[in-house]
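Treat the numbers as computed from the prediction; the structure is a model and nothing was measured. Chain naming here is simple, since letters A, B, ... match the order of the sequence lines and numbering starts at 1 in each.
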Number of protein chains: 2
Amino acid sequence: MTKAPTRIQQRNRAAILSAGLDIFSQYGFRGATLDQIADAAGLSKPNLLYYFPSKEAIHTALLERLLETWLDPLKALDGSGDPVAEIMGYAQRKLAMSRDFPRESRLFANEILQGAPHIEEILKTDLKTLVDDKAAIIQGWADAGKIAAIDPHHLIFSIWAFTQHYADFDVQVRAVLGDKAPHDGALSFLDTLYSKLLRV
Amino acid sequence: MTKAPTRIQQRNRAAILSAGLDIFSQYGFRGATLDQIADAAGLSKPNLLYYFPSKEAIHTALLERLLETWLDPLKALDGSGDPVAEIMGYAQRKLAMSRDFPRESRLFANEILQGAPHIEEILKTDLKTLVDDKAAIIQGWADAGKIAAIDPHHLIFSIWAFTQHYADFDVQVRAVLGDKAPHDGALSFLDTLYSKLLRV
DNA sequence: TTCTGGTTTGACCAACTGGTCAAAATAACG
DNA sequence: CGTTATTTTGACCAGTTGGTCAAACCAGAA
């Protein structure tokens with residue numbers, strides 16, 4: 001049986017994962033260095049490697065933790081709910097994730113930009129299945145005349161694109177908007193955009 | 001006066017820039033190596049450094065070349081044109097750029113993800129000025145009742161996000177869509193989305 | 001053909017990279 | 001307190017990195 005982790009282990013592993021998230025999400029896997037991560041975690045490099053056997057292991061741990069929750073907002077889209085409310089709710093949850101977990105969003109963006117070397121299989125299986133599934137539900141709503149007739153896949157892409165933009169392109173958004181906090185405006189724009197789009 | 005570049009110079013500099021675009025757009029500045037770029041360009045590393053004095057120089061040259069044209073679609077948005085047609089035309093031009101220059105889009109995405117260390121000033125000055133300018137035009141149209149009342153900045157963000165998504169997240173889009181070419185569907189979705197949004 | 005200037009290369013370097021290891025320092029616990 | 005298991009560290013290593021340099025190579029004009 002595996003030993004329960006000590007308090008020190010919990011603290012240091014958490015510090016490493018947080019530091020790794022900072023660094024990997026900014027520089028990507030190859031651009032990040034163990035020295036940077038160790039420094040950000042407040043540990044020496046050998047000490048960091050006492051908790052994770054390799055750079056790859058930290059990255060994998062982060063990616064796995066991310067994937068556990070990354071698809072939750074879409075999974076929660078309920079075929080038996082009110083069509084417009086379900087889709088709008090999904091978009092809102094995604095926008096909230098972009099606000100609350102911008103580093104995770106950028107970690108994911110980096111992984112995809114680099115060709116998704118670690119998660120391509122998951123994209124082609126789990127993700128595709130999930131998206132096809134939900135797309136079929138949305139298509140059903142469209143066919144039943146409950147929402148406007150639109151391509152469900154591209155609808156989902158547009159939600160991903162718009163919501164993640166505020167995390168991934170944060171520095172550009174801030175450069176353009178200046179002081180104003182982006183998210184309030186984004187939320188009401190998103191509401192307008194999708195309620196107009198979905199209205200029959 | 002500067003000498004005219006020889007045929008060999010033209011060919012090799014072009015090969016290096018193309019190779020650099022491949023590598024930088026995938027791995028980011030820090031993640032890319034001169035060996036990779038030299039290899040992709042079909043040159044030895046010292047030979048590559050005969051044409052560009054440093055890794056930084058290649059990256060800068062690429063970024064400068066990109067910025068020359070990156071904002072053209074938005075610059076072309078004409079305040080004296082038909083409001084809906086102008087905005088839709090802008091979105092369509094951006095989508096076409098995403099289709100025709102995906103590597104450039106990813107190079108830009110990488111730069112922003114990394115905090116825009118090389119172009120933050122440009123974002124805060126040139127880009128912000130341009131966007132504020134065009135946003136004012138769009139706001140004018142909205143105030144005059146020629147298009148629906150929407151936040152022009154977030155409208156522009158949504159166009160950036162959606163169109164660039166197909167280049168930057170290409171591997172994910174393909175994983176989900178399978179064989180089907182993404183761009184046709186994207187174009188007609190975009191048409192539907194923005195004509196519904198802008199209609200008064 | 002020779003000369004000349006542009007081009008290419010192999011050998012090299014210092015700094016950095018991910019990672020190892022034995023020893024030292026510290027915590028945990030009876 | 002003493003003993004033991006965990007944690008931390010300095011020194012180190014082999015491979016890679018961006019970059020240099022002198023020497024060799026080559027294209028083309030005279």
Side-chain angles (χ1 to χ4, degrees), chain A residues 1-64 107 110-111 114 117-118, chain B residues 1-64 107 110-111 114 117-118:
Chain A
M1 42 187 175
T2 9
K3 303 241 175 69
T6 69
R7 233 171 275 120
I8 294 177
Q9 274 167 10
Q10 279 183 286
R11 170 170 50 81
N12 282 346
R13 287 184 63 95
I16 292 168
L17 288 176
S18 177
L21 187 54
D22 275 342
I23 306 298
F24 282 131
S25 68
Q26 192 173 351
Y27 297 107
F29 181 74
R30 297 211 26 190
T33 74
L34 285 180
D35 288 291
Q36 280 180 296
I37 297 171
D39 207 50
L43 299 171
S44 67
K45 186 167 57 172
N47 199 10
L48 179 149
L49 287 163
Y50 171 73
Y51 291 100
F52 287 88
S54 67
K55 180 184 180 183
E56 184 93 39
I58 304 172
H59 191 251
T60 301
L62 283 169
L63 228 41
E64 279 173 1
L107 180 73
N110 255 306
E111 172 68 13
Q114 287 173 29
H118 305 94
Chain B
M1 42 187 173
T2 10
K3 302 241 176 70
T6 68
R7 234 171 275 120
I8 296 176
Q9 273 167 9
Q10 280 183 286
R11 170 170 50 82
N12 283 347
R13 287 184 62 96
I16 292 168
L17 288 176
S18 176
L21 187 53
D22 275 342
I23 306 297
F24 282 131
S25 68
Q26 192 172 352
Y27 297 107
F29 181 73
R30 300 215 21 194
T33 74
L34 284 180
D35 288 290
Q36 280 179 297
I37 298 172
D39 207 51
L43 298 171
S44 67
K45 187 167 57 171
N47 198 10
L48 179 149
L49 287 163
Y50 170 74
Y51 291 99
F52 287 87
S54 67
K55 180 183 178 182
E56 183 94 39
I58 304 172
H59 191 251
T60 302
L62 283 169
L63 227 41
E64 279 173 2
L107 180 73
N110 255 306
E111 172 69 11
Q114 287 173 28
H118 305 94

| message | Whole angstroms only, please: what is the CD1-C1' distance between Ile37(B) and dT16(D)? | response | 15 Å

| query | Is any side-chain nitrogen or oxygen of Arg30(A) closer than 4.0 Å to OP1 or OP2 of dT17(D)? | reply | yes

| note | When rounded to whole Å, the CG to P distance for the pair Leu34(A) and dG18(C) reads 4 Å

| message | Can you work out whether Pro46(B) or Arg11(A) has the more 5'-proximal nearest nucleotide on DNA chain D? | response | Arg11(A)

| task | Ignoring backbone atoms, test whether Tyr51(B) places a side-chain nitrogen or oxygen under 4.0 Å from the OP1 or OP2 oxygen of dT8(C). | result | yes

| Whichever of Asn47(B) and Arg7(A) has its nearest DNA chain C nucleotide further upstream toward 5' | Asn47(B)

| field | Euclidean distance, atom CG of residue Asp35(B) to atom P of dT9(C) [Å, nearest integer] | value | 14 Å

| message | Please confirm whether the shortest side-chain N or O distance from Thr6(A) to OP1 or OP2 of dT6(D) is below 4.0 Å. | response | no

| said: Closest-nucleotide mapping onto DNA chain D: is Leu49(B) or Ile8(B) further toward the 5' terminus? I mean the 5' end. | reply: Leu49(B)

| So, is Ser54(A) near the phosphate of dG18(C), with a side-chain N or O under 4.0 Å from OP1 or OP2? | no

| query | Is Asn12(A) near enough to dT6(D) that one of its side-chain N or O atoms lies under 4.0 angstrom from OP1 or OP2? | reply | no

| said: Just N and O in the side chain of Tyr50(A): are any of them under 4.0 Å from OP1 or OP2 of dT8(D)? | reply: no

| message | dG6(C), OP1 or OP2 - any side-chain N/O from Gln9(B) closer than 4.0 Å? | response | no

